[in-house]
Amino acid sequence: MYRFVSKLMLVGSIALLWSCTDIPRDNLLDPKNADGYREPVVLIEAFVNSVHPAAYNKWALASLDKIKASFGEKVVLAEYHRDLDDYDDPYNTAESSQQFSNLQDNYVNADPVIPKGVPDIFVNGADHRVSGASSPESVTNQLTPILTDLLKEKNYYSIEPYAAFTASNTITATCKIARLGNSTVLNLNMRLILIKDYGEAYAHYVVLRSILPKVIGTLEKGKYKTIQFDPVQVSILPNAVIFVLGDASGVHILQSVREEL
């Protein structure tokens with residue numbers, strides 16, 4: 001009797017294993033699925049000065065609030081505050097000017113060259129740009145079709161982020177990146193953006209730090225790669241970390257994700 005039952009269990013197990021090998025990989029987020037993809041998350045980097053008496057920057061920032069309300073988690077926002085002559089922005093950092101120059105120099109449609117003024121908004125790196133503002137609606141009306149088109153595209157990168165505080169105001173950050181679809185990609189890198197919400201108007205997505213890109217190199221199709229960043233010590237505690245996956249230049253963004261702290 002026991003031998004008969006054991007035999008039935010063995011046959012059943014073999015049948016189960018056989019059936020598992022034939023299960024189609026139709027989960028779009030499964031790296032082994034050659035047809036897999038996920039929805040994109042679009043990064044908006046805005047360069048502003050929030051203390052200048054002219055309304056242009058405030059119009060742009062008000063527009064970004066509307067964009068966030070409309071698109072939700074499909075977009076992530078980063079405000080780089082910059083000093084102007086006679087108007088020092090309290091949230092200015094040296095990295096703001098550096099990143100502005102990096103995007104400005106690599107903007108693909110700069111003919112004629114657009115001067116470095118504020119507000120100036122870049123979408124997914126140096127590929128899309130909205131400069132100036134004549135009203136909050138003018139910025140919203142320019143950004144909306146750009147975002148709508150980008151969000152229709154299939155994205156072939158999945159990022160699983162992790163960020164947390166440790167002792168002495170130190171942030172640790174890691175992530176897993178998967179290449180979906182059916183092709184291997186080369187020369188990738190990833191950077192981090194630390195974001196602070198100061199709880200006041202025109203300062204909800206302030207960039208505290210932008211961590212230099214970490215080279216990822218090759219990401220093979222259907223495989224994960226784990227990325228470990230060096231610990232980051234901060235004097236002001238951020239609310240979130242944005243993980244930004246880019247190409248070798250670092251100015252063409254492939255996928256982003258925001259991780260709350």
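In what follows, residues are counted from 1 in the order of the sequence shown.
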[X] side chain near [Y] side chain, heavy-atom distance below 4.5 Å:
{"X": "F71", "Y": "T148", "answer": "yes"}
{"X": "V123", "Y": "V130", "answer": "no"}
{"X": "F165", "Y": "T172", "answer": "no"}
{"X": "I67", "Y": "L147", "answer": "yes"}

Scan side-chain atoms only and decide if [X] and [Y] contain a donor-acceptor pair under the 3.5 Å cut-off.
{"X": "D197", "Y": "N239", "answer": "no"}
{"X": "Y80", "Y": "E45", "answer": "yes"}
{"X": "Y157", "Y": "R179", "answer": "yes"}

| task | Verify the neighbour count for atom CD of E73: are there more than 12 heavy atoms of other residues, nucleotides or ligands below 6.0 Å? | result |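 No - once you tally the heavy atoms of other residues, nucleotides and ligands closer than 6.0 Å, there are 12 at most.
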### Task
Carefully, step by step, assess F243 and F229 under the rule side-chain contact (heavy atoms from CB on, under 4.5 Å).
CA-CA 11 Å; F243 292 72; F229 289 88; 4.3 Å; yes
> Do NZ/NE/NH1/NH2 and the carboxylate oxygens of R129 and D120 come within less than 4.0 Å?
Replying inline: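 A salt bridge links R129 with D120.
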Q. Any ion pair linking E137 and K66 (charged N to carboxylate O, less than 4.0 Å)?
A.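 Yes.
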- Item | Donor-acceptor under 3.5 Å (K225 side chain, K176 main chain) |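 Not confirmed, K225 side chain does not pair with K176 backbone.
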